[in-house]
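All remarks here apply to the structure that follows.
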Amino acid sequence: MGVRVQSEPFDAGAEANAFTAAATGAGAVVTFSGVVRDEGGRLQAMSIEHYPGMTERALATHRETAVERFGLTDALVIHRYGDLAPGDVIMMVATAAPHRKDAFGAAEFLMDYLKSRAPFWKKERGPDGESWVASKDDDEAALDRW
Amino acid sequence: MGVRVQSEPFDAGAEANAFTAAATGAGAVVTFSGVVRDEGGRLQAMSIEHYPGMTERALATHRETAVERFGLTDALVIHRYGDLAPGDVIMMVATAAPHRKDAFGAAEFLMDYLKSRAPFWKKERGPDGESWVASKDDDEAALDRW
Amino acid sequence: MIDVLYFAWLRERVGLPRERLETSAATVADLVEELKVREERYAFAFQDLSAIRVAVDQELVGFDAPLAGAREVAFFPPMTGG
Amino acid sequence: MIDVLYFAWLRERVGLPRERLETSAATVADLVEELKVREERYAFAFQDLSAIRVAVDQELVGFDAPLAGAREVAFFPPMTGG
């Protein structure tokens with residue numbers, strides 16, 4: 001089902017259903033959704049900047065790698081940019097495979113790459129103003145296992 | 001969101017959306033859906049038998065263990081029994097956590113336990129008649145990592 | 001008196017989903033031995049215990065589990081849900 | 001001529017999202033040195049290279065990457081998507 005980069009909200013459940021219905025012969029479908037946390041009221045809004053062109057390329061490459069490496073029947077990546085509010089779904093990945101181990105592995109693989117290798121940058125607005133979200137050493141380290 | 005054992009079909013996408021909307025403060029939501037494969041046309045129908053009473057207890061216990069062990073904000077398990085057809089969604093789990101590692105780990109943990117410790121038995125009907133699905137050594141071995 | 005339940009191919013071999021039995025078996029293994037000598041269909045159903053799982057009062061146990069105080073014993077093949 | 005793009009706080013520090021530059025820099029690192037001596041805002045933006053990532057023609061590269069034939073260089077902080 002490819003990759004999509006968009007500012008518009010999307011219906012993660014409807015996307016998952018369409019993905020599952022199209023994944024004939026899959027057996028196992030895993031989805032991951034990232035949601036804007038409100039951090040106990042400290043986060044009022046989030047905006048996401050990205051690098052048009054490179055974003056789509058990077059996501060398509062990671063998706064293709066995941067499909068080959070885990071023998072997926074299909075994979076989907078959707079990521080929003082622009083202004084988001086607490087509770088909004090930022091992005092989702094979905095993976096379909098004959099067996100659960102590969103569907104799970106591929107979803108984790110895609111998320112690890114997406115976190116540190118897809119050109120998105122989050123800015124948060126709270127009571128004390130705006131700040132860019134710092135990358136986590138954990139996220140970079142997570143790539144080592146693949 | 002608890003556990004549900006039912007013969008009726010359910011809308012996995014709608015369940016996932018409701019789960020995500022209720023999981024305030026979660027950040028990461030993982031779902032797994034099991035789908036009846038058609039095995040290249042060799043599987044015509046599936047029926048699932050279960051142990052009423054014990055099924056609900058076992059699922060509730062595994063869910064509670066997952067919530068505590070992975071610090072989930074919520075977890076959901078839905079499993080069907082009765083007659084199913086290729087393409088039908090057999091079951092789903094959903095897990096919500098502040099960070100993706102725990103949401104993924106908990107969903108895999110729940111699936112591993114559900115496969116080998118929840119009292120469901122699948123029977124498949126194909127061109128050569130009916131047969132009970134054999135358990136996989138892999139599924140039993142998968143429990144060792146937890 | 002104890003309720004004995006059978007699931008999947010065990011149910012098919014025994015020929016019924018549940019029955020209420022009078023037994024003085026001390027353990028699950030003793031109960032199985034009682035059943036096996038009762039009728040051929042039980043001997044057929046329980047011929048390979050390595051392929052059979054047991055629950056006493058809806059908790060998975062081993063064949064050495066005691067039956068004292070138990071209300072319900074269930075026999076079934078390894079589970080294949082998910 | 002090469003297009004140079006800046007994202008996130010690099011864009012804010014440099015004060016523009018992209019510009020077209022004439023450069024004879026052989027590598028990304030050379031280009032950064034050219035920029036740093038040009039104006040204070042570039043020196044500020046590029047003061048800690050360990051916090052900066054680079055893409056040449058939309059592929060992640062190191063600072064030692066050659067610029068020969070490149071059409072587009074982008075500078076940005078470590079990515080925080082997902």
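All chains are named by letter (A, B, ...) in the order of the sequence lines, taking the proteins before the strands, and each is independently numbered beginning at 1. Note that this is a predicted model, so its numbers are computed, not measured.
In terms of non-hydrogen atom pairs under 4.5 Å with chain A, the most contact-rich of D:Pro77, D:Ala8, D:Pro17 is D:Ala8. Options A:Arg117, A:Met111, A:Glu140, A:Lys136 differ in how many heavy-atom pairs under 4.5 Å they form with chain D, and the most are formed by A:Arg117. Listed options A:Ser33, A:Gly34, A:Ser116 were ranked by heavy-atom pairs under 4.5 angstrom with chain D; first place goes to A:Ser116.
Interatomic distance, CH2 of D:Trp9 versus CH2 of A:Trp132, reported as 11.0 Å (0.5 Å rounding).
The side-chain hydrogen bond (donor to acceptor under 3.5 Å, both in side chains) check on A:Lys122 picks up nothing, with sequence neighbours excluded. Annotation: side-chain hydrogen bond (donor to acceptor under 3.5 Å, both in side chains) contacts of A:Asp83 (sequence neighbours excluded): none.
Looking at A:Met54, the atoms closer than 4.5 Å to chain D (heavy atoms on both sides) sit in the backbone and in the side chain alike. Contacts between A:Ile90 and chain D at a heavy-atom distance below 4.5 Å involve the side chain alone, from C-beta outward. Looking at A:Lys123, the atoms closer than 4.5 Å to chain D (heavy atoms on both sides) all sit in the side chain, from C-beta outward. Contacts between A:Ala58 and chain D at a heavy-atom distance below 4.5 Å are absent for every atom of the residue.
Residues of residues 49-74 of chain D having a heavy atom under 4.5 Å from any heavy atom of chain A, listed by number: D:Ala55, D:Asp57, D:Gln58, D:Glu59, D:Leu60, D:Glu72, D:Ala74.
Between A:Trp121 and D:Phe76, the angle of the ring planes lies from 30° to 60°, which puts this pair in the tilted group.
Within a 6.0 Å radius of CG in A:Asp137, other residues, nucleotides and ligands contribute 12 heavy atoms or fewer. Enclosure of atom NZ in A:Lys101 is not indicated, since only 12 or fewer non-hydrogen atoms of other residues, nucleotides or ligands lie within 6.0 angstrom.
Across A:Val133 and D:Thr80, no two heavy atoms sit closer than the pair O-CG2, 3.4 Å.
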Only distances under 3.5 Å count here; give the side-chain donor-acceptor pairs of residues 70-79 of chain A to other protein atoms, sequence neighbours excluded, each with its distance to 0.1 Å.
from: A:Thr73; atom 1: OG1; to: A:Ala96; atom 2: O; distance (Å): 3.3
from: A:Asp74; atom 1: OD1; to: A:Met1; atom 2: N; distance (Å): 2.5
from: A:Asp74; atom 1: OD1; to: A:Arg63; atom 2: NH2; distance (Å): 3.1
from: A:Asp74; atom 1: OD2; to: A:Met1; atom 2: N; distance (Å): 3.2
from: A:His79; atom 1: NE2; to: D:Gly82; atom 2: N; distance (Å): 2.9

